[in-house]
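Below is one structure, written out as structure tokens; the observations come after it.
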Amino acid sequence: MAMRRVLGKRIVEIGEGAFDDLLARHEGVVLDVGTGDGKHPFHLARQRPDQLVIGLDAAKDNLRKTAAKAAANPAKGGLANLLYLWAPAEQLPAGLRGVTELHMLMPWGSLLRGMLGSDPSMLRGLAAVCEPDARFLTTLNLHAWRPPVPEVGDHPEPTPESAVKGLGPLLAAAGWRLDEAKYLDAEEIAALSTSWTRRLNSTRAQLDVLALTGVVNPTRELEGDPAAEPGDGHGDGAAAPAPGV
């Protein structure tokens, strides 16, 4: 699939040479999968001007407003280090590569099924565009189990301990190492800067979210047994991204 960039109402294809130029001008690539309206990567791109930030979603219309804002002249609030790409996670754009940090916040539908290990091909495809030891952050909306939506299948509601023991091996088979699972507090949820979390927060007294962090394409193993010591986060290299960064 071609690399299709959303620029407000326009869709333009990015050639391999143009993407190479973007990679050369930035120190690292953050990919937000299932970005929705794209507000999370917009927030990240403002915080990290030295990094290329990419929001990817299968629904281009959801991206148009924020993409137009990002494509504006920097003097008018545009962000030259931000791209919005139109593509499903199951069919990533040709030439996408160099990802050093991967986010998947509040996944739903096929993304949720994939993150729970029901679609290892999706996880392997995402791993294929990541650099060795790329960090990942995933946040799960636990209300998807209350009552269970079809996407969760037979997977029970995860806890920090059960996520490491149950999801850890499923993710590892696709090249993802789960280092830590933790509940997020209200401040951490707000810091994710997504419209989806704000909408969910407005409809319930308390929003319960479980954050999963770790490494894609790890070059070294964790010291000790993560299944025996869930959520300790100890290990080899760079720390996983903190929720809300």
Side-chain angles (χ1 to χ4, degrees), residues 30-44 47 55-57 59 62 89 101-119 122-123 126 135-172 174 176-216 226-234 239-245:
V30 183
L31 175 64
D32 183 42
V33 181
T35 195
D37 63 10
K39 290 189 176 178
H40 174 67
F42 194 93
H43 170 75
L44 282 181
Q47 286 190 325
L56 181 140
D57 204 278
N62 294 340
E101 189 172 322
L102 190 152
H103 292 187
M104 190 186 299
L105 306 185
M106 315 298 274
W108 203 254
S110 62
L111 292 180
L112 179 56
R113 288 193 296 270
M115 200 61 218
L116 294 176
S118 298
D119 185 3
M122 186 196 82
L123 295 174
L126 290 169
R135 301 179 297 160
F136 78 83
L137 165 66
T138 296
T139 58
L140 300 178
N141 170 21
L142 297 181
H143 298 273
W145 282 267
R146 307 173 188 174
V149 297
E151 288 85 353
V152 306
D154 295 328
H155 299 282
E157 180 180 326
T159 64
E161 182 176 19
S162 71
V164 173
K165 290 182 178 179
L167 290 179
L170 297 175
L171 296 175
W176 298 47
R177 189 187 72 204
L178 176 58
D179 291 346
E180 182 177 30
K182 59 168 284 190
Y183 294 118
L184 299 187
D185 60 29
E187 184 176 350
E188 290 170 319
I189 293 171
L192 295 174
S193 298
T194 76
S195 297
W196 187 227
T197 51
R198 285 194 291 272
R199 285 196 295 269
L200 289 172
N201 249 332
S202 69
T203 60
R204 47 182 51 86
Q206 178 176 319
L207 178 61
D208 294 327
V209 176
L210 183 69
L212 310 177
T213 55
V215 175
V216 184
E229 297 182 80
D232 62 7
H234 71 291
V245 296

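Here the closest non-hydrogen pair linking Phe136 and Met115 is CE1-CE, 4.4 Å. The two atoms that bring Leu123 and Leu171 nearest to each other are CD1-CD2, 3.7 Å, heavy atoms only. Lys182 and Pro160 get closest at one heavy-atom pair: CA-CG, 4.3 Å. In terms of heavy-atom proximity, Lys165 sits nearest to Pro169 at O-CD, 3.2 Å. Of all the heavy atoms in Leu210 and Ala163, the pair that sits closest is CD2-CB, 4.2 Å. Across all their heavy atoms, Pro107 and Leu140 have their closest contact at CG-CD2, 4.0 Å.
Under the 3.5 Å distance criterion, the side-chain polar atoms of Asp57 are matched with a main-chain donor or acceptor of Gly36. Side chain of His40 to main chain of Thr35: no donor-acceptor pair is present (N/O by atom type, distance under 3.5 Å, no hydrogens or angles).
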Steps toward side-chain contact (heavy atoms from CB on, under 4.5 Å) verdict (His155, Leu170): CA-CA 12 Å; His155 299 282; Leu170 297 175; 4.3 Å; yes

Chi angles and distances behind the side-chain contact (heavy atoms from CB on, under 4.5 Å) call for Val216, Leu126: CA-CA 9 Å; Val216 184; Leu126 290 169; over 6 Å; no

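Using a 4.5 Å cut-off on side-chain heavy atoms (C-beta onward), Leu192 and Thr139 make contact. Within the 4.5 Å cutoff, the side chain of Leu212 has no heavy atoms near those of the Trp176 side chain. Side-chain contact between Leu142 and Pro158 is present, with heavy atoms from C-beta onward closer than 4.5 Å. In this structure, the side chains of Trp145 and Pro156 stay at 4.5 Å or more apart for every pair of heavy atoms.
In this structure, the separation between CG on Asp37 and CG on Asn62 is 7.5 Å, given to the nearest 0.5 Å. A distance of 8.0 Å separates OG of Ser193 from CG of Leu44, quoted to the nearest 0.5 Å. The structure places CG of Leu111 at 11.0 Å from CG of Leu105, a figure rounded to the nearest 0.5 Å. Once rounded to the nearest 0.5 Å, the distance linking NE2 of His103 with CG of Leu56 reads 14.0 Å. Of the inter-residue distances, the one linking Arg113 atom CZ with Glu151 atom CD reads 5.5 Å to the nearest 0.5 angstrom.
Applying the side-chain hydrogen bond (donor to acceptor under 3.5 Å, both in side chains) criterion to Glu187, with sequence neighbours excluded, gives no partner residue. Every residue meeting the side chain to side chain contact (heavy atoms under 4.5 Å, CB included) condition with Asn141, not counting sequence neighbours, appears here in chain and number order: Met106, Trp108, His143, Leu200, Leu207.
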